Structures are given as C-alpha cells and as structure tokens.
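Just so it is clear, the structure is predicted and the values come from calculations on it, not from any experiment.
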Amino acid sequence: GLADTEPEVDDDQPAAELQSITGAIADIRQANIDGNTVYYILLEDSDVYYTVSAKDYPEAPLLNVGDTVTVEFYSTETILINAESVKAEK
C-alpha cells in the first residue's frame with residue numbers, strides 16, 4: 001500500500017509533501033539497473049533529474065525531448081529525485 005512508500009520522517013522534520021511539476025523534457029537518459037530500465041528525465045529550466053523505472057511506468061520508452069510531462073515527487077535536496085508518477089500531457 002501507500003504506507004510502504006512514504007519517506008521516513010524525523011519527528012522534528014515536517015513531513016515531505018507530494019509535489020508535482022509540469023514541463024517539457026529537456027533531456028532523457030536511460031540506464032539498466034538490476035535488469036530494470038530506469039529513465040532519467042530532466043525538465044526545461046530545472047537542474048534535477050526525475051527517475052522512473054519502465055516497470056512502474058511502461059510508457060517511459062515512448063517519451064522524447066520536447067514532450068510535456070507532469071511528474072509527481074517528494075521533494076529532496078538531491079540531484080536525482082524518484083518520481084512517484086509521470087504522466088504525458090497531450
């Protein structure tokens with residue numbers, strides 16, 4: 001269930017809120033990790049890559065630079081952010 005994927009939170013830290021961002025893909029890369037293809041999506045005017053696996057998002061291989069997508073994620077201070085969901089906008 002959802003409870004399993006909630007980020008661990010210290011009591012003195014505010015709970016991470018699910019955020020979403022919509023933008024055009026500036027760069028998309030892929031890597032094979034433990035037999036799963038993981039896609040790294042960079043949006044225009046952004047300096048973080050959102051990561052999503054093809055297993056979780058089967059449409060990932062169809063994404064191209066210039067496509068507009070909405071990514072849902074829990075904000076972190078890292079350069080790679082695991083996407084909770086990715087949705088292509090028509």
Hydrophobic clusters here meaning ILVMFWY residues chained together by side-chain heavy-atom distances under 4.5 Å, can you tell me if Val69 and Tyr74 are in one? no
Reported CG-to-CZ distance for the pair Asp27 and Arg29, which is rounded to 0.5 angstrom: 4.5 Å
Nearest heavy-atom pair of Ala24 and Gly66: which atoms, and what distance? CB-O, 4.1 Å
Heavy atoms, side chains only, cut-off 4.5 Å: are Ile28 and Tyr39 in contact? yes
Output, in order, the C-alpha distance, side-chain angles, deciding distance and verdict of side chain to side chain contact (heavy atoms under 4.5 Å, CB included) for Ile21 and Tyr50. CA-CA 11 Å; Ile21 184 171; Tyr50 300 95; 3.8 Å; yes
Give a yes or no answer on whether the side chain of Asp67 reaches the backbone of Asn64 with a donor-acceptor pair at less than 3.5 Å. yes
I'd like to know whether Ile25 forms a side chain to side chain contact (heavy atoms under 4.5 Å, CB included) with Leu42, so could you lay out the CA-CA distance, the side-chain angles of the two residues, the decisive distance to 0.1 Å, and finally the verdict. CA-CA 6 Å; Ile25 297 175; Leu42 177 71; over 6 Å; no
Over 60° means perpendicular and under 30° means parallel, so tell me whether Tyr49 and Tyr40 are parallel, tilted or perpendicular. perpendicular
Would you say the side chains of Glu89 and Thr68 form a donor-acceptor pair under 3.5 Å? no
Within this structure, what is the CD-CG distance for the pair Glu72 and Leu18, rounded to the nearest 0.5 Å? 4.5 Å
Same cluster (ILVMFWY, side-chain, under 4.5 Å), Phe73 and Val86: yes
Leu63-Val65 co-clustered via ILVMFWY side chain contacts under 4.5 Å: yes
Applying a strict under-4.5 Å side-chain criterion to I, L, V, M, F, W and Y, I'd like to know whether Val38 and Val52 cluster together. no
Does atom CG of Asp45 have more than 12 heavy-atom neighbours, drawn from other residues, nucleotides or ligands, at distances under 6.0 Å? no
Side chains of Thr51 and Ile81, heavy atoms from C-beta outward: is any pair under 4.5 Å? no
In terms of hydrophobic clusters joined by side-chain contacts under 4.5 Å, are Ile41 and Ile33 together? no
